[in-house]
Each structure stands twice: as C-alpha cells, then as structure tokens.
K.L.:
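Below you will find the structure I want to go over with you.
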Amino acid sequence: MTATGCGSGGGASRTGDVTLTMVASDHGDLEGNDLTQDYWDGVVASFEKKNPGIKVNVSVHASGKAEQKVAEMIGNGQAPDLAQIDSFADHAAAGRLYRADDVLSIPVQADFVPALSTAGELRRVRYAMPFTADIQLLFYNRGLFAEAGLDPEKPPRSWEELKQAAVALKAIGVDVPYGLPLGSEEAPTEAMTWMLGNGGGYTGDGGMYAINAPANIQAMGWLRDELVDQGLTTSNPAVTNRQGLFNLFTGGHVGMLNGDLSLTRQADRKKTDYGTAPLPGRDGLSDTTTGSAGWMLAFRREGNREAVAAFLDHVYDVENQFAFADRYHTLPVTVSASEQMRGDKRHKRMRPFLDRLGAAEFFPSNKVSWARVSREIGLYVGQSVLADGDPAAVLGTLQRTAEKEEEAAKEL
C-alpha cells in the first residue's frame, strides 16, 4: 500500500516501479446497482496499459465510509496516494496534501468549471480538485399543478408565488404541498438554499461565519410563518429528511420541493410527470443556488508525485470525465465534459442543472470547523421554523457554536 522504489525524479518509466493506492466513494444508485468499483477498474486498466510503470489499486467504499477509511489509513501511517471523498480541509490544514498545481497539468486546471475553480481552496491555495458536482433546483409535479389550476409551464419565481402554488395544491388535497426537509440529514443544504434566496448564506464578508445574519433570520421566519404554520409542509420539518420526501414526490404525494440530480434519476424511474426550474427567491428568481461537490485529493508521499500527476491527467481526460457523469448522474466538473453532455440528447434533463452550475454557492468546506458546524446545523436549524421556533435564537446559538469551533480549529 505504498509507493515503492521510486526516487523523486522518476519511477514512472520503469515497469513495476510505482504502485498507487486510492480510496474512492461509491456513487451507485440506492438499490446498490452499477457499483463505482467497475468504473474505476476500467479507468485503471486503460491507464496501466498506457503507463506500464505505474500500478493503481482503487478501493471503493459506501457513501460516508470512504472518509473513515482514509482516516484509518492515516492513523496506521499508510495514507493513500489519492482519495475521492467529500471533505478536504482537515487534510489540507495538516499539510498532508499536494497543491493542485503540483499534480495537475495546466490544461486540466484551465478546464475546470469556473464556479468550482476556487471551491477547493484553503487560505487561497487550491488543494482539493473537484471531481463531482450537483446543485439544487425546484422540482414540481406537473400533473398536480394542472389539477390545481396552475400552469405547469410557469413554475413559481418568487417565495410569494411558491406559497400561492402551495395553497392551491393543498386545496385539491395534496398531502405535502411543499416538501421542507430540515431533518438532520439534509438541513444544511435546505436551510442554505433558502438563506441564499434572501441574499444570505452561512458566511459573509471575508469568509467569516454569518449564520445569524438578518437575511438568514428573515428567511427562516418566512418559512415558519408562511409555509409551516399554514400547514403547507409536513407537520414537523425538523424531523423530515430528503429521501422520504423524494419517495413521496415520485409517488405523487408532494407538489414541490428542492432537489438535486438524484431526484431526476428516481423520478424518471417511477415515470413521474415533473418539471424543474431555477429556485424562487424572496422577490424573484434567486441569483444563486446551493452547490455540492466531491473532491479528489492527492496525498504527499515520497516519490509519488509524478505517478499521481500522470494518473490525474488520465482521470480528468474529457472522455473519462464524461463517462463518469453519464454513468452516475452527476454534473461534469470540466468545461469540455460539460459541453459534451450539453450536446448529448440523452441528457436533456441535465441542461437546467448545467445552466445553473455557474451560479452555485458551495458549503464553506474550506473550513476545518465546517464538519462539526454542519452537524450542529443539521441537528438544530429545523427548530427555527416550528410553531414555537425562534429563528434569531436558534441561529444565534449556531453562530456562537461556529465561532467557537472556528477558534478551536485554528489551534490544531
């Protein structure tokens, strides 16, 4: 599980000189089909054929488990050479990673989608390379819209229009007019999406936490007063998780909700009659949306840099990038693969996502404290929209927690 026999000057040209290890996250569907190991086996086979001096061993782990595997390997003194996981800040802060420009060719760096080009930075240095991307759009049931007297070609563009649509859906007996998942699993995403729609977000000027900014308090208050208190959501959004709502949506029981590309896959499989649209904002279409990304990390190990760089050039080749996005229903992170996807008639459903990726705002994943802060948001932000909820108090507590965690992270 180490790079062996390779001096810093070379190794890649001598058969058997380098063996790289990589830990990857699985992106197969919920039923466990199309495991990602098959994809990586194909990428490795084509790479090793062109680079006989480098061997690559990839182990794929279930979502959320890959990070644990990397931490375990580091704890055992055997860090992987590469990892495709969802977080990076702690590894970058600890000095474990190569800078991206140490292992990526200039053409690959220039090909990243601009919205993602700085998202993997720590202190203005890019360490994490984007590998997967996704965003939130508004999903709505076209059939239910028509039944409620709403125009399926004109989805809501503002919060007030969304509320009016939800009222109309409730009037015809739709179980959940608007799905609001503020349970622990997806609350950070849902809350951020609404905050952005009011000009807020988790961070403010200088990248400092601003969880209790007035715009965020106002957004949570609007959800409480205009949706939850009016019976237009599930009875307790604080314990409602996204996948449960996705299941209800594909079954025709939810009128509208925010969703990502995984919902298109599920809705298409169930033949749900749905549409997607840019997110409504407070006074019109939101200028932005919540984006998510998965990262590729290159760990510093003696003698592995040139081999890692060679493999990454292959991984980010346009055909491989497109193949992954095509197979696992994610957005390509390179411009070249995005253009190829946009021109593919099979991916008509992807175009609205491709159109809005450039406007996406991402979690503050460059903060070592974010993992803990995100968990706290997941546990508590939903309480702000309940009937007796106090958005200012809840977000104020989360802000103090975030500041405390940020200070603690600086001491690491």
Side-chain angles (χ1 to χ4, degrees), residues 25-27 29-30 62-65 67 85-87 132-140 162 175-198 200-202 211 216 219-220 222-224 227-228 232-251 253-267 274 276 279-280 286 288-294 329-331 353 356 360-365 370-386 389 391 394-395 398 402:
S25 301
D26 186 41
H27 293 269
D29 62 27
L30 294 174
S63 179
K65 300 294 185 182
E67 283 85 353
I85 54 180
D86 293 333
S87 59
T132 62
D134 204 346
I135 64 168
Q136 297 288 306
L137 291 182
L138 178 71
F139 284 68
Y140 61 99
L162 184 143
D175 294 332
V176 184
Y178 180 81
L180 183 65
L182 290 174
S184 59
E185 291 180 7
E186 287 293 336
T189 298
E190 186 72 12
M192 179 172 165
T193 301
W194 284 92
M195 291 172 179
L196 290 173
N198 200 39
Y202 290 138
I211 298 172
N216 296 340
M220 295 297 103
W222 190 90
L223 287 174
R224 179 194 62 193
L227 292 187
V228 180
L232 301 175
T233 67
T234 55
S235 59
N236 188 350
V239 297
T240 301
N241 286 317
R242 192 174 299 276
Q243 187 54 53
L245 287 174
F246 281 7
N247 294 340
L248 291 173
F249 181 79
T250 59
H253 302 287
V254 174
M256 301 174 287
L257 77 169
N258 296 331
D260 56 18
L261 280 168
S262 68
L263 181 53
T264 66
R265 184 191 301 189
Q266 295 172 50
Y274 71 96
T276 59
L279 296 172
S286 178
T288 185
T289 180
T290 302
S292 59
H329 223 56
T330 68
L331 296 179
F353 290 86
R356 296 296 289 171
E361 296 282 345
F362 295 85
F363 288 144
S365 301
W370 173 243
R372 290 180 179 272
V373 172
S374 178
R375 284 195 291 270
E376 292 294 302
I377 292 171
L379 290 172
Y380 299 110
V381 75
Q383 296 177 6
S384 67
V385 305
L386 302 182
V394 172
L395 297 188
L398 289 171

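Side-chain atoms are counted along with the backbone in the values below, which use heavy atoms only and exclude waters and symmetry mates.
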K.L.:
List the residues meeting side-chain contact (heavy atoms from CB on, under 4.5 Å) with Asp175, not counting sequence neighbours, and say none if there are none.
P.N.:
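Per chain and number, Asp175 pairs via side-chain contact (heavy atoms from CB on, under 4.5 Å) with His253.
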
K.L.:
How about Arg356 and Leu137: do any of their side-chain heavy atoms sit closer than 4.5 Å?
P.N.:
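Yes - at least one pair of side-chain heavy atoms lies under 4.5 Å apart.
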
K.L.:
Run the side-chain contact (heavy atoms from CB on, under 4.5 Å) test on Trp222 and Asn198 for me, step by step, so that the C-alpha distance in whole Å, both residues' side-chain angles and the decisive distance to 0.1 Å come before the verdict.
P.N.:
CA-CA 10 Å; Trp222 190 90; Asn198 200 39; over 6 Å; no

K.L.:
For the atom pair CD (Glu361) and CE (Met195), what is the distance rounded to the nearest 0.5 Å?
P.N.:
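Going from CD on Glu361 over to CE on Met195, the span is 14.0 Å.
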
K.L.:
Do Leu180 and Leu223 make a side-chain contact, defined as non-hydrogen atoms from C-beta onward lying under 4.5 Å apart?
P.N.:
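The answer is yes; the side chains approach within 4.5 Å.
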
K.L.:
Any non-hydrogen side-chain atom of Leu227 less than 4.5 Å from a side-chain atom of Trp194?
P.N.:
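Yes, their side chains come closer than 4.5 Å.
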
K.L.:
Locate the shortest heavy-atom distance separating Asn258 from Arg242; write the atom from each residue and the value.
P.N.:
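Closest heavy-atom pair between Asn258 and Arg242: O-NH1, 2.7 Å.
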
K.L.:
Would you please test Leu162 and Leu138 for side-chain contact (heavy atoms from CB on, under 4.5 Å) and show each step?
P.N.:
CA-CA 10 Å; Leu162 184 143; Leu138 178 71; 4.3 Å; yes

K.L.:
Within a strict 4.5 Å, meaning less than it, do heavy atoms of the Leu331 and Thr132 side chains meet?
P.N.:
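No, too far: nothing below the 4.5 Å cut-off.
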
K.L.:
If we ignore hydrogens and angles and just use 3.5 Å, is the side chain of Asn236 paired with the main-chain N or O of Ala238 as donor and acceptor?
P.N.:
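Checking the backbone N and O of Ala238 against the side chain of Asn236, a donor-acceptor pair under 3.5 Å is found.
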
K.L.:
Do Ser292 and Asp260 have side-chain heavy atoms sitting under 4.5 Å apart?
P.N.:
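A side-chain contact under 4.5 Å is absent here.
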
K.L.:
Do Arg224 and Ser384 make a side-chain contact, defined as non-hydrogen atoms from C-beta onward lying under 4.5 Å apart?
P.N.:
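A side-chain contact is absent here, since even the closest heavy-atom pair is not under 4.5 Å.
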
K.L.:
Which pair of heavy atoms, one from Tyr202 and one from Ala187, lies closest together, and at what distance?
P.N.:
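Taking Tyr202 first and Ala187 second, the nearest heavy atoms are OH-O, 4.1 Å.
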
K.L.:
Which residues pass the ring-ring contact (aromatic ring centres under 6.0 Å, His included) test with Phe249, sequence neighbours left out?
P.N.:
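With sequence neighbours excluded, Phe249 shows a ring-ring contact (aromatic ring centres under 6.0 Å, His included) to no residue whatsoever.
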
K.L.:
Enter the distance from Met256:CE to Tyr140:OH here, rounded to the nearest 0.5 Å.
P.N.:
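Those atoms lie 11.0 Å apart.
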
K.L.:
Atom OG in Ser184, atom CD1 in Ile377: separation rounded to 0.5 Å?
P.N.:
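The OG atom of Ser184 sits 13.0 Å away from the CD1 atom of Ile377.
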
K.L.:
Could you report the tightest heavy-atom contact between Phe353 and Gly259, atom names first, then the distance?
P.N.:
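Heavy atoms of Phe353 and Gly259 come nearest at CE2-O, 4.3 Å.
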
K.L.:
Compare every heavy atom of Asp86 with every heavy atom of Gly294, then report the nearest pair and how far apart it is.
P.N.:
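Here Gly294 and Asp86 meet closest at CA-OD1, 3.9 Å.
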
K.L.:
Can you confirm whether the side chains of Thr264 and His329 place a donor and an acceptor under 3.5 Å from each other?
P.N.:
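The criterion, which ignores hydrogens and geometry beyond distance, is satisfied for His329 and Thr264.
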
K.L.:
Please give me the minimum heavy-atom distance between Asn216 and Ile211, naming the atom from each residue.
P.N.:
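Looking at all heavy atoms of both residues, the shortest contact is ND2-O, 3.1 Å.
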
K.L.:
Any side-chain donor-acceptor pair under 3.5 Å between Thr189 and Thr290?
P.N.:
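No donor-acceptor contact under 3.5 Å links the two side chains.
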
K.L.:
Under the side-chain contact (heavy atoms from CB on, under 4.5 Å) rule, collect the residues that match up with Ser365, sequence neighbours excluded.
P.N.:
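Expected list: Phe88, Phe363, Trp370.
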
K.L.:
Going by atom types only, do Gln243 and Glu186 share a side-chain donor-acceptor pair under 3.5 Å?
P.N.:
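Absent: no donor and acceptor within the cut-off.
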
K.L.:
Between Thr250 (side chain only) and Asn247 (backbone N and O only), is there a donor and an acceptor less than 3.5 Å apart?
P.N.:
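Answer holds: yes.
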
K.L.:
Taking C-beta and beyond as the side chain, do Thr288 and Leu279 meet within less than 4.5 Å on heavy atoms?
P.N.:
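SC-SC contact between Thr288 and Leu279 ruled out.
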
K.L.:
Report yes if the side chains of Gln136 and Met192 come closer than 4.5 Å at any heavy-atom pair, otherwise no.
P.N.:
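Gln136 vs Met192: side chains apart.
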
K.L.:
Return the minimal non-hydrogen interatomic distance between Thr289 and Ile135, and the atom names on each side.
P.N.:
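Nearest heavy atoms, Thr289 then Ile135: CG2-CB, 4.0 Å.
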
K.L.:
Closer than 3.5 angstrom, by distance alone: can the side chain of Asn241 be matched with the main-chain N or O of Glu185 as a donor-acceptor pair?
P.N.:
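Checking the backbone N and O of Glu185 against the side chain of Asn241, a donor-acceptor pair under 3.5 Å is found.
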
